[in-house]
Student: 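My questions will all concern the structure given below.
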Amino acid sequence: MEPLPIEGAWLHRPRQFGDARGTFLEWFQGERLGEATGRGLDLAQANCSVSRRGVVRGVHFADVPPGQAKYVTCVRGAVRDVVVDLRTGSPTFGAWTAVDLDDRGRAAVFLSEGLGHAFQALTDDATVVYLCSTGYRPDREHGVHPLDAGLGIEWAAIEPVLSEKDAAAPGLAELEAAGLLPSYEECRRHLRSLPPPGAAPEPVLEA
């Protein structure tokens with residue numbers, strides 16, 4: 001796994017093994033993730049979305065703690081995957097980085113709690129699957145308008161298609177003024193509280 005320009009985000013380019021039957025690859029390796037990031041990924045939810053060309057989903061993030069770490073790949077078609085640093089006080093606050101994910105290279109992106117996530121479908125039926133460290137909690141979920149000039153994300157030259165919710169999302173400056181963005185120090189404290197990779201879960205004691 002290789003670190004992306006934003007702290008807390010990594011890119012995994014898996015080896016693919018092909019023969020007359022097809023292709024095999026390991027798109028997620030918990031041990032390799034732990035070695036690269038110094039943390040594990042507890043799986044609480046696995047999502048799958050299918051989008052037509054031009055659809056933009058995001059920029060989404062969750063309150064920290066607990067936040068929501070994500071491990072994302074594209075299993076059909078192609079998307080432009082975007083990670084945004086929404087952590088106030090971060091050296092790269094407001095910065096974004098983009099990686100094109102597709103069903104040929106089969107790369108994956110991991111992003112830590114406190115980072116925003118979005119993607120744009122570059123093909124019809126673009127299918128994205130992602131592993132999440134926490135389940136969906138509507139009361140803790142937020143969004144930044146993906147076309148916000150304050151972010152300046154460079155999307156592909158395709159007419160964007162947004163959901164009503166994403167189209168009505170506030171800009172970065174508005175969220176910061178309202179105190180709704182996670183702080184860099186808060187995210188760092190949360191990461192320090194996580195068990196080391198490979199640690200056994202705490203036992204559940206019966207009453």
Side-chain angles (χ1 to χ4, degrees), residues 1-62 68-84 96-113 115-136 146 153-163 166 194-201:
M1 296 186 70
E2 57 188 82
L4 291 172
I6 294 176
E7 178 187 341
W10 285 266
L11 175 67
H12 173 52
R13 299 184 188 275
R15 290 185 63 192
Q16 300 188 58
F17 302 90
D19 58 25
R21 300 168 299 170
T23 304
F24 173 84
L25 67 145
E26 297 173 344
W27 75 277
F28 173 76
Q29 296 172 312
E31 184 175 356
R32 179 166 293 182
L33 175 73
E35 291 172 351
T37 67
R39 55 158 304 162
L41 177 64
D42 289 333
L43 177 60
Q45 185 170 306
N47 299 336
C48 175
S49 69
V50 182
S51 306
R52 68 180 177 88
R53 186 174 185 266
V55 166
V56 175
R57 298 180 186 264
V59 179
H60 300 150
F61 68 99
Q68 188 181 67
K70 297 177 181 177
Y71 193 90
V72 187
T73 193
C74 180
V75 296
R76 181 179 182 183
V79 300
R80 177 153 298 167
D81 198 76
V82 176
V83 178
V84 184
W96 58 271
T97 188
V99 178
D100 286 352
L101 305 178
D102 57 44
D103 57 11
R104 299 173 69 90
R106 303 186 189 278
V109 168
F110 173 71
L111 58 149
S112 299
E113 297 85 346
L115 298 177
H117 178 250
F119 64 85
Q120 176 187 31
L122 305 179
T123 61
D124 283 328
D125 294 329
T127 304
V128 173
V129 295
Y130 42 107
L131 312 178
C132 303
S133 64
T134 57
Y136 176 66
I153 297 173
E154 295 178 7
W155 299 106
I158 306 171
E159 184 67 26
V161 179
L162 307 181
S163 69
D166 287 342
L194 297 177

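All heavy atoms count here, side chains included; hydrogens, waters and symmetry mates do not.
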Student: Considering non-hydrogen atoms only, spot the tightest contact between Gln45 and Thr134 and give its length.
Tutor: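 Heavy-atom minimum between the residues: CB-O, 4.2 Å.
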
Student: For Cys132 versus Asn47, what's the shortest heavy-atom pair and its separation?
Tutor: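 For Cys132 versus Asn47, the nearest heavy atoms are SG-ND2, 3.5 Å.
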
Student: Considering only NZ, NE, NH1 and NH2 on the basic side and carboxylate oxygens on the acidic side, decide whether Asp124 and Arg52 come within less than 4.0 Å.
Tutor: no

Student: What pair of heavy atoms forms the shortest contact from Gly34 to Pro197, and how long is it?
Tutor: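 So the minimum-distance heavy-atom pair works out to CA-CB, 3.7 Å.
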
Student: If I compare all heavy atoms of Pro5 with all of Thr97, which pair ends up nearest, and what's the gap?
Tutor: CD-OG1, 3.6 Å

Student: Do you know which two heavy atoms are closest between Thr37 and Leu33, and how far apart they sit?
Tutor: OG1-O, 2.7 Å

Student: Ignoring hydrogens and geometry, is there a side-chain-to-backbone donor-acceptor pair from Asp42 to Ser133 under 3.5 Å?
Tutor: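 No, because the side chain of Asp42 does not come within donor-acceptor range (under 3.5 Å) of the backbone of Ser133.
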
Student: Report yes if some heavy atom in the side chain of Phe119 is under 4.5 Å from a heavy atom in the side chain of Leu101; otherwise report no.
Tutor: no

Student: May I ask you to test the Lys70-Val109 pair for a side-chain heavy-atom distance under 4.5 Å?
Tutor: no

Student: Going by heavy atoms in the side chains, are Val128 and Val72 under 4.5 Å from each other?
Tutor: yes

Student: Count the heavy atoms belonging to other residues, nucleotides or ligands that lie under 6.0 Å from CZ of Arg106, then report whether that count exceeds 12.
Tutor: yes

Student: Is there a donor-acceptor contact under 3.5 Å from the side chain of Gln16 to the main chain of Gly105?
Tutor: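 Looks like yes, one N/O pair under 3.5 Å.
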
Student: So His12 and Met1, do their side chains get closer than 4.5 Å, heavy atoms only?
Tutor: yes

Student: Rounded to the nearest 0.5 Å, what separation is found between the CG atom of Leu162 and the CZ atom of Arg57?
Tutor: 11.0 Å

Student: Indicate the atoms forming the closest heavy-atom contact of Val83 with Ala9, along with that distance.
Tutor: CG1-CB, 4.1 Å

Student: Go through Glu7 and Leu115 one step at a time and tell me if the side-chain contact (heavy atoms from CB on, under 4.5 Å) criterion holds.
Tutor: CA-CA 9 Å; Glu7 178 187 341; Leu115 298 177; over 6 Å; no

Student: State whether Arg104 and Asp102 are salt-bridged, where the test is any N-O pair (Lys NZ or Arg NE/NH1/NH2 against Asp/Glu carboxylate O) under 4.0 Å.
Tutor: no

Student: Report the distance from atom CZ of Phe17 to atom OG1 of Thr23, rounding to the nearest 0.5 Å.
Tutor: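 Separation between the atoms: 11.0 Å.
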
Student: How far does CZ of Arg15 sit from CG of Leu25, to the nearest 0.5 angstrom?
Tutor: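 Arg15 atom CZ to Leu25 atom CG measures 11.5 Å (nearest 0.5 Å).
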
Student: Measure the OG1-CG distance between Thr123 and Asp103 for me, rounded to the nearest 0.5 Å.
Tutor: 7.5 Å

Student: Apply side-chain contact (heavy atoms from CB on, under 4.5 Å) to the pair Val59 and Val82, showing each step before the final yes or no.
Tutor: CA-CA 8 Å; Val59 179; Val82 176; 5.8 Å; no

Student: If we ignore hydrogens and angles and just use 3.5 Å, is the side chain of Thr73 paired with the main-chain N or O of Ala107 as donor and acceptor?
Tutor: yes

Student: Taking only Lys NZ, Arg NE, NH1 and NH2, and the carboxylate oxygens of Asp or Glu, determine whether Glu154 and Arg80 approach each other closer than 4.0 Å.
Tutor: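 Arg80 and Glu154: not salt-bridged.
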
Student: If we only count heavy atoms from C-beta on, is the His60 to Gln68 side-chain gap below 4.5 Å?
Tutor: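 No - every pair of side-chain heavy atoms lies 4.5 Å or more apart.
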
Student: Is it true that a side-chain atom of Tyr71 and a backbone atom of Trp27 form a donor plus acceptor pair closer than 3.5 Å?
Tutor: yes

Student: Would you confirm whether Ser112, through its side chain, and Gly8, through its main-chain N or O, come within 3.5 Å as a donor-acceptor pair?
Tutor: yes

